[in-house]
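Side chains included, hydrogens not; waters and symmetry mates left out as well; all remaining heavy atoms used. All chains are named by letter (A, B, ...) in the order of the sequence lines, taking the proteins before the strands, and each is independently numbered beginning at 1.
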Amino acid sequence: MARNINRRDFLKAAAAGVVVLAGTQIVRQQAGASESSASGKRRWGMVIDQSKCTGCGYCVMACRAHNDISPDITWNPVLEAGEVGGNKVYLPRPCMQCAKAPCVDVCPVNASVYRSDGIVIVKYDQCIGCRYCEVACPYGARSFNWKQFTGPNPAIPEWGEAEVVRRPRGVVEKCTFCYQRIDRGLALGLTPGVDEDATPACVVACPVGARTFGDLNDPNSNVSQLLRDHASYRLLEEMGTSPSVYYLPAIQEPPS
Amino acid sequence: MKPKIRLPKITPWRIWVTVLALFLAAGATSGVMVFSKGLSLTHLTDLVPWGLWITIDLSSIAVSAGAFSLCAVVYLLGLKRFQPVARTATFIGLLGYTMAILTLMLDIGRPDRFWHPLVFWNEHSVLWEVTMCVTLYLGVLLLETLPIFANFAWLRSRWPWLAGQMAKAHRLAPYLAVAGLALSMLHQSSLGALYGVLKARPLWYRPDITVLFIISAVAAGMSLTVFASMVAVRITHRANVDDYLLERLSLIIGWILVVYLYFRFWDALAMTYTYQPGRTEGLHLLTGGPLSFNFWVGEIFLGILVPIVLLINRRTRSQPFWRMLALLLVVGGVVAYRWDTNVSGLLIVMSYLPGEPVIAYTMYRPSLIEFLAGAGIVSYGLLAFSLGVRYLRVVDHQGRELHENVPAREMEKVPVPASD
């Protein structure tokens, strides 16, 4: 008899425990969901309109100058991506600043990390140059400094001035969404994506306004509005990386 | 009167050491050049960032797997009679892991920061886990080989007390065997998981490489140990073996290869079933493309099928020539497997553009510097093993000091060497 009661008590306690655990789990998830939107945490994103992009490559050069990148390396290439209605379509490819970035997961020394605003950065002082992140990135967004970049940067001063220090030989680098511009801009009270001085160089340089930059967590930001009003896609969404770069596809205009 | 110049006598040993020293010097020169000029001296690119050196790295760790597996056989399964073979394997393991670390130092862009994984932890990273395990296991191997280094005649005469203390580390052997087994199970498999966790590379993104890496490593590690022992005993009187032990192990290797073949068969077959972008092309590189000779001849036919027959069939296994050939083929096959695994995944360049996936191919051929540095590292391993056989008696199935842990009744079976 005593054994029975014990067992029943045990089962009751266990059931109660399961319910409590499940409850806390739900509560915790809700807390997490409300936190990100209510606390005003920013998540920088970029929207690239392929119907506007002409493939001029201004963004590539501006990026090279402002980030003082070696001519051997491109953080932000512009690729040809087929044709629509007889017109060539281009696809500029910055770092996707993934919310679930494979490069961050694989780095053996925690040199690739998320900033609180969602930008994935490489800590150049910490990187050992194993290149595992290069192998892991589905977008080929990372470049290794096979040699030291010495001498003048051919993109300077025509396309802008260097805003960051050159990376040493032997470390990996990639597009940073020009966080130096964002951070300085915010400190000056500017709004990234609205004020040019606080916006990534490629966005500012684009002569046709194909690039838009802003806070994806702010429903009123220009990027959020664009994404609300237009059909968009991201690269390799099935990979589960959750990129912060969105593309508005070039669509053939209906014959009039 | 003409003064007599005494030229050093040319002996096979001296020729061997000189040749190895030359390769070592060439490798060291290449290494210095890489450290000063950087990795632009290699033919590695952003598309193929891992090449020959990663293969040497993976292979030297794979062929070191005899250490943990034979120590487990001796101390955990309790087959004490294999202890002298485990001793050889442990020494080879120490050399293999130091080779791997040397290669890694060349391969990483910032060798001055080699210690970063130990300080800046990223527990999500398979490579971090591998680095930690390899570091810890190197410590295990150092402790395991202390009694071997205690064998050095110079040390014994110069610092007999120190040599005695080092020999006592043997008491730790059973605990070290447990630690070694755990650490090796982790990182030998994780070296495969290094590739297997990468979703961006469909050819690699499967759990199988993990299992295949550890099975093939055990086969190759045991093979190299038995092969090296057999070569040593045929070249120098400073080595002696109990051929019965080596013959038994060779049979076990044969059956491990059967298991390895079984898993490889299903792994490969599963990939042929449906078209998957990137994976199918990668498999075709192996089965019909530029890597097909490596795959069919090197890995499968010579690396698995032929050794299975030679090692399981008693007639060929008992003939030293065929047995040694089979063991060497196993090692070669596993090295080919490491090379093919790495290169096949990297040569496929997946597009990330929207629409139907487009597959492009890239090229990789190691540069002279990569070959020379690699040859230098292999020469270091060969030279260190040769010195070990000569001065530390690492291939010695009759030595008495080894058997401290063996119960007395088994000691009696060990014949005492007549003379040194």
Side-chain angles (χ1 to χ4, degrees), chain A residues 50 72-74 79-82 89-91 93 96 100 102-113 123-148 167-172 233-241 243 247 249, chain B residues 34-51 54 104-105 107-132 194-195 197-202 204-205 278 342 345-346 349-355 357-358:
Chain A
Q50 286 182 285
D72 297 339
I73 292 174
T74 309
L79 309 164
E80 290 188 11
V89 175
Y90 297 93
L91 185 134
R93 197 237 53 218
M96 299 292 123
K100 299 183 187 80
C103 56
V104 174
D105 282 340
V106 302
C107 177
V109 294
N110 251 340
S112 279
V113 288
K123 293 184 182 170
Y124 308 121
D125 297 340
Q126 209 152 310
C127 173
I128 57 169
C130 71
R131 310 185 288 286
Y132 195 13
C133 54
E134 273 199 289
V135 179
C137 175
Y139 306 100
R142 291 178 160 248
S143 307
F144 182 70
N145 283 279
W146 297 99
K147 49 182 145 190
Q148 178 69 51
R167 279 66 58 192
R169 188 188 87 196
V171 303
V172 167
Y233 74 95
R234 294 182 288 179
L235 296 181
L236 299 180
E237 259 176 294
E238 72 279 7
M239 199 72 76
T241 49
Y247 292 89
Chain B
V34 169
F35 285 138
S36 62
K37 294 245 165 68
L39 292 165
S40 55
L41 295 179
T42 67
H43 285 173
L44 298 168
T45 60
D46 284 330
L47 291 177
V48 186
W50 290 349
I54 261 319
L104 272 181
M105 291 292 279
D107 213 354
I108 59 174
R110 295 297 301 247
D112 52 317
R113 299 177 182 168
F114 73 94
W115 48 275
H116 277 200
L118 307 180
V119 179
F120 305 108
W121 289 18
N122 180 12
E123 316 85 57
H124 297 286
S125 169
V126 183
L127 190 53
W128 175 79
E129 185 256 325
V130 168
T131 314
M132 292 301 268
L194 215 63
Y195 295 102
V197 297
L198 300 182
K199 209 172 182 179
R201 308 272 176 177
W204 289 338
Y205 190 56
N342 178 68
L346 291 171
V349 184
M350 302 285 294
S351 88
Y352 42 79
L353 300 178
V358 182

Problem - Exercise: identify the closest heavy-atom pair between A:Phe144 and B:Asp46 - result: N-OD1, 3.0 Å

Problem - Heavy-atom side-chain proximity of B:Leu39 to A:Arg131 below 4.5 angstrom - result: yes

Handout entry: Which atoms of A:Ile128 approach chain B - backbone, side chain, both or neither, heavy atom under 4.5 Å
Key = both

Completion exercise
The interface call for A:Ile73 against chain B, heavy-atom contacts under 4.5 Å, is neither

Problem - chain B contact via A:Arg234 - which portion, at a heavy-atom distance below 4.5 Å - result: neither

Fill in the blank from the handout: For B:Arg201 and A:Glu134 the tightest heavy-atom approach is NH2-O, 4.0 Å

Handout entry: Portion of A:Tyr233 that has a non-hydrogen atom of chain B nearer than 4.5 angstrom
Key = side chain

Practice task
Side chain from CB out, backbone as N, CA, C, O: work out which of these in A:Val104 comes under 4.5 Å of a heavy atom of chain B, or both, or neither.
Solution key: backbone

Practice task
Could you tell me which of B:Ala200, B:Ser125, B:Gly345 has the largest number of non-hydrogen atom pairs under 4.5 Å with chain A?
Solution key: B:Ser125

Handout entry: Contact origin within A:Glu80 toward chain B - heavy atom pairs under 4.5 Å
Key = backbone

Exercise for the section: Determine the minimum heavy-atom distance between A:Tyr124 and B:Arg113, stating which atoms define it. Expected result: O-NH1, 2.7 Å

Completion exercise
Bottom line for B:Leu198: the part with an atom under 4.5 Å from chain A's heavy atoms is side chain

